[in-house]
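Quick notes on the structure that follows.
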Amino acid sequence: MRSSRSGLLVIELVIAVGVFALCAAICVGLFVQADRVSRDSAALGQAVTVSQNTAERYKTVQGDLEQLAQELDGTCTEDGALVLWFDSDWQPVQAEGEYQMTITPQPAEGYRKADLSVQQTSSDETLFALQLAAEVQP
C-alpha cells in the first residue's frame, strides 16, 4: 500500500512540473513576440520622425533634391531620386545601412512634388511613406 502512495506522489510531481514547463514555454513565446512588436513600433516611430524632418527640409529647399542631397549627405540616382541611408540607431551613414529613405520626384505643375518612403533594407518592408509638395518661389 505504501509503494502505491509514493508512486502516486511521483506522478503528481511529474504532472505539476509538466504544467509549469508548459506555462513557462508559453510565457517565453509571448515575451519574444512582445519584444518584436516593441522593436517594430520603435522603428516606425523613428521612421515617422526622420520623414517629417526630411519633409520640412524638402520644403525649405523648395523641392530641390540636389540641394537636399548636399545638405543631408545623400545620393541622387540617375532617375533623379534621392537616397539616404541610416544605421540601426537612425544615424545617417554614407554607405548602405539598416534603413533606406528614398525621395522620388513626381510630375506637377506650379510646384514640386515627390514621394518619400522608408524601408528596412533587410526585409524590403516599407515602414513609412509620405507625399511631399513644395511651393517654388520665383
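Residue numbers count from 1 along this sequence. Keep in mind that what you see is a predicted model, and the values were worked out from it rather than measured. For the numbers below, each heavy atom of this structure counts, side chains included, while hydrogens, waters and symmetry mates do not.
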Start with the C-alpha gap between Gln100 and Thr102, add the side-chain angles, then the distance that decides, and say whether side-chain hydrogen bond (donor to acceptor under 3.5 Å, both in side chains) holds. CA-CA 6 Å; Gln100 174 186 357; Thr102 306; 3.2 Å; yes
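- With sequence neighbours excluded, no residue satisfies side chain to side chain contact (heavy atoms under 4.5 Å, CB included) with Thr60.
- Interatomic distance, SG of Cys76 versus CD of Gln67, reported as 11.5 Å (0.5 Å rounding).
- Applying the side chain to side chain donor-acceptor pair (under 3.5 Å) test to Gln119 and every residue at least two apart in sequence or in another chain returns Ser117.
- Contact between Ala133 and Lys59 at its shortest, heavy atoms only, is O-CG, 3.8 Å.
- Trp85 and Gln94 make their closest contact through CD1-O, 3.9 Å (heavy atoms, listed as atom of the first residue, atom of the second, distance).
- Other residues sharing a hydrophobic cluster with Val118 under the 4.5 Å side-chain heavy-atom criterion for ILVMFWY residues are Leu44, Val48, Val50, Tyr58, Val61, Leu65, Leu68, Leu72, Leu82, Leu84, Phe86, Trp90, Tyr99, Met101, Ile103, Leu116, Leu127, Phe128, Leu130, Leu132.
- When the side chain to side chain donor-acceptor pair (under 3.5 Å) test is applied to Glu98, the partners found at least two apart in sequence or on another chain are Gln120.
- Atom OG1 of Thr104 sits about 11.5 Å away from atom CD of Gln131, to the nearest 0.5 Å.
- Between the side chain of Ser41 and the backbone N or O of Val37 there is no donor-acceptor pair closer than 3.5 Å.
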Validation: residues 14-35 side-chain donor-acceptor distances under 3.5 Å, sequence neighbours left out:
from: Asp35; atom 1: OD2; to: Arg39; atom 2: NE; distance (Å): 3.0
from: Asp35; atom 1: OD2; to: Arg39; atom 2: NH2; distance (Å): 3.4

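- For CD of Glu71, the number of neighbouring non-hydrogen atoms (other residues, nucleotides, ligands) closer than 6.0 Å is greater than 12.
- The backbone N or O of Gln91 lies less than 3.5 Å from no partner atom in the side chain of Asp89, so there is not a single donor-acceptor pair.
- Residues that satisfy the side chain to side chain donor-acceptor pair (under 3.5 Å) test with Gln106, not counting sequence neighbours, are Asp115.
- The shortest non-hydrogen separation linking Ala81 to Pro105 is CA-CD, 3.9 Å.
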